[in-house]
Asks: 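One structure, pasted below without further comment.
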Amino acid sequence: MSIDPLSTRAVVTRGAKPGRTWTSTSARAPRLTDVLRVVLLSAGALVCLVPLVWMLLGSFKTPTELATMTFLPSSLSFENYTTALGRFDFGRYLANSVIVTVGATVLTLVINSMAAYALAKYNFRGKTFLFLLTLATIMIPLQVILIPVYQVVASLGLVNTLWGMIIPAAATPTGVFLLRQYMLSIPDELIEAARVDGAGEFRIFLRIVLPLCTPALAVVAIFSVMWRWSDFLWPLVVAQSESVYTLPVALARFNAEETVPFNLILAMGVVATIPVLVIFLIFQRQIATGIANTGIK
């Protein structure tokens, strides 16, 4: 009597208990490097959230609780918020921040997209040098060029105006770089075909190039909103009256008081942080997709 080994193996396999499997998107078990990466990223996220959680909890505390470093507030009272809103013209400062942020973002998208299109799709002498010079300006901090920029703004009569905060921050080398890298992926044949059909350069830019660069434009817009909303140094230098203060400058007013009300500063800090945090959480996927498509790895 002979026994077929293949049939025996099949019976054993069918009768065996299923082994333990991992819950993951792939069939294989996670490697040690994958586990370490997730643990390190999770720990880093928690570390970044600690200041935000501390600020949120501190906005409900009394000055005594802040001085004694109590972790949880005794009550979730909104007295700090109502007191802070009554201490200064919050509506005016909020409107100024919105105007400066929106105006600077719109100008940033217009100027940076035009500069990026010229550097990506036009051939002219000195293009590479001009692009490298634009990238080199990323390494120059605002503190180095603060006095020359202020002199230019003063000569134009834009000191103590919202335009003085909007215009100098319009052109950013980072935005030019991101948009140029994305525009390089647009086929030149598409633009040439539009020229053959009789489309003008400005029409090609508006109807063909900009719609194809929507992900990169979204990234630049989100970055611009986060930068302009939280900008403090330049609005502090330009604004010389309370009528043009932005939220960061207005918050600094509390530090000039004899007794610094840290509980009120934390309350207004939460109010100033919420818009940027909400925008980032909503558009974080667009940020990752746009940066990935610009060639930054």
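The basis for the numbers below is simple: all heavy atoms, side chains too, and nothing from hydrogens, waters or symmetry mates.
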Asks: Show, in sequence, the C-alpha distance, side-chain angles and deciding distance for Val209 and Lys121, and conclude whether the side-chain contact (heavy atoms from CB on, under 4.5 Å) test is met.
Replies: CA-CA 10 Å; Val209 176; Lys121 294 303 179 182; 5.9 Å; no
Asks: A side-chain contact here means heavy atoms from C-beta on lying under 4.5 Å apart; do Pro248 and Asp231 qualify?
Replies: no
Asks: Is the count of non-hydrogen atoms from other residues, nucleotides or ligands lying under 6.0 Å from Ile147 atom CD1 greater than 12?
Replies: no
Asks: Would you check if Arg228 and Thr108 make a side-chain contact, meaning some heavy-atom pair closer than 4.5 Å?
Replies: yes
Asks: About how many Å separate OG of Ser230 and CG of Leu247, when rounded to the nearest 0.5 Å?
Replies: 11.0 Å
Asks: Show, in sequence, the C-alpha distance, side-chain angles and deciding distance for Tyr117 and Glu201, and conclude whether the side-chain contact (heavy atoms from CB on, under 4.5 Å) test is met.
Replies: CA-CA 11 Å; Tyr117 180 62; Glu201 296 298 323; 3.8 Å; yes
Asks: Just wondering, do Thr174 and Trp227 contact through their side chains at under 4.5 Å, heavy atoms?
Replies: yes
Asks: Which residues pass the side-chain hydrogen bond (donor to acceptor under 3.5 Å, both in side chains) test with Thr172, not counting sequence neighbours?
Replies: Asn112
Asks: With side chain to side chain donor-acceptor pair (under 3.5 Å) as the test, would you mind laying out the steps for Ser241 and Asn160 before giving the verdict?
Replies: CA-CA 7 Å; Ser241 63; Asn160 200 32; 3.1 Å; yes
Asks: Are Leu178 and Leu210 grouped together when hydrophobic residues (ILVMFWY) are joined by side-chain heavy atoms under 4.5 angstrom apart?
Replies: yes
Asks: Grouping I, L, V, M, F, W and Y whenever their side-chain heavy atoms are under 4.5 Å apart, do Leu133 and Val176 come out in a common cluster?
Replies: no
Asks: Can you name the closest pair of heavy atoms from Ile166 and Ile99 and give their distance?
Replies: CD1-O, 3.9 Å
Asks: Going from CG on Leu56 to NZ on Lys61, what distance comes out if it is rounded to the nearest 0.5 angstrom?
Replies: 10.5 Å
Asks: Do the side chains of Thr134 and Pro173 get nearer than 4.5 Å, heavy atoms only?
Replies: yes
Asks: Any link between Val50 and Val39 through a network of hydrophobic side chains (Ile, Leu, Val, Met, Phe, Trp, Tyr) touching at under 4.5 Å?
Replies: no
Asks: Below 4.5 Å, heavy atoms only, C-beta onward: do Leu146 and Trp234 meet side chain to side chain?
Replies: yes
Asks: Of all the heavy-atom pairs spanning Leu109 and Leu217, show the shortest one and how long it is.
Replies: CD2-O, 3.6 Å
Asks: Can you name the salt bridge (charged side-chain N to carboxylate O under 4.0 Å, His left out) partners of Arg203, sequence neighbours left out?
Replies: none
Asks: Any side-chain heavy-atom pair from Trp54 and Leu266 closer than 4.5 angstrom?
Replies: yes
Asks: How close do Ser97 and Thr246 get, counting heavy atoms only, and between which atoms?
Replies: OG-CB, 3.4 Å
Asks: Roughly how far apart are Asp197 CG and Arg195 CZ, rounded to 0.5 Å?
Replies: 12.5 Å
Asks: Here's one to test your reading of the geometry: is the NZ or CZ of Arg92 within 45 degrees of the ring axis of Tyr245 and under 6.0 Å from its centre?
Replies: no
Asks: Minimum heavy-atom separation for Leu184 to Ala120, with atom names?
Replies: CD2-O, 3.7 Å
Asks: Taking atom CE of Met114 and atom CG of Leu179, what is their separation to the nearest 0.5 Å?
Replies: 12.5 Å
Asks: Could you state whether Leu49 and Leu277 fall into the same hydrophobic cluster, counting links through intermediate Ile, Leu, Val, Met, Phe, Trp or Tyr residues with side-chain heavy atoms under 4.5 angstrom apart?
Replies: yes
Asks: For Lys127 and Phe131: C-alpha separation, side-chain torsions, deciding distance, then whether side-chain contact (heavy atoms from CB on, under 4.5 Å) applies.
Replies: CA-CA 6 Å; Lys127 182 178 72 171; Phe131 177 64; 5.7 Å; no
Asks: Which heavy atom of Met183 sits nearest to which heavy atom of Ser113, and what is that distance?
Replies: CE-O, 3.6 Å
Asks: If I take atom CZ from residue Phe205 and atom CD1 from residue Ile191, how far apart are they, to the nearest 0.5 angstrom?
Replies: 10.5 Å
Asks: A side-chain contact here means heavy atoms from C-beta on lying under 4.5 Å apart; do Val270 and Tyr81 qualify?
Replies: yes
Asks: Hey, is CZ on Phe129 packed in by over 12 heavy atoms from elsewhere, all under 6.0 Å?
Replies: no
Asks: Is there a donor-acceptor pair under 3.5 Å between the side chain of Thr105 and the backbone N or O of Thr101?
Replies: yes
Asks: According to a 4.5 Å side-chain heavy-atom criterion applied to Ile, Leu, Val, Met, Phe, Trp and Tyr, with indirect links allowed, do Leu46 and Leu40 form part of one hydrophobic cluster?
Replies: no
Asks: Quick check: are there more than 12 heavy atoms from other residues, nucleotides or ligands sitting under 6.0 Å from CZ of Arg207?
Replies: no
Asks: State, with a plain yes or no, whether a side-chain heavy atom of Trp163 is found less than 4.5 Å away from one of Val153.
Replies: no
Asks: I need the Leu36 CG to Arg31 CZ distance, nearest 0.5 Å.
Replies: 11.5 Å
Asks: Could you go step by step and tell me if Trp229 and Val98 meet the side-chain contact (heavy atoms from CB on, under 4.5 Å) rule?
Replies: CA-CA 8 Å; Trp229 183 267; Val98 171; 3.9 Å; yes
Asks: Is a side-chain donor or acceptor of Ser155 paired with a backbone partner of Val152 at a separation under 3.5 angstrom?
Replies: yes
Asks: Give a yes or no on whether the backbone of Leu162 and the side-chain of Asn96 come within a donor-acceptor separation of less than 3.5 Å.
Replies: no
Asks: Looking at Cys213 and Tyr182, what are the two nearest heavy atoms and their distance?
Replies: CA-CE2, 3.6 Å
Asks: Counting N and O atoms only, with roles assigned by atom type, does the side chain of Asn80 sit under 3.5 Å from a partner on the main chain of Ser59, one being a donor and the other an acceptor?
Replies: yes
Asks: Just wondering, more than 12 heavy atoms not from Phe124 lying within 6.0 Å of its CZ?
Replies: yes
Asks: Is it the case that more than 12 heavy atoms not belonging to Glu192 sit under 6.0 Å from its CD atom?
Replies: yes
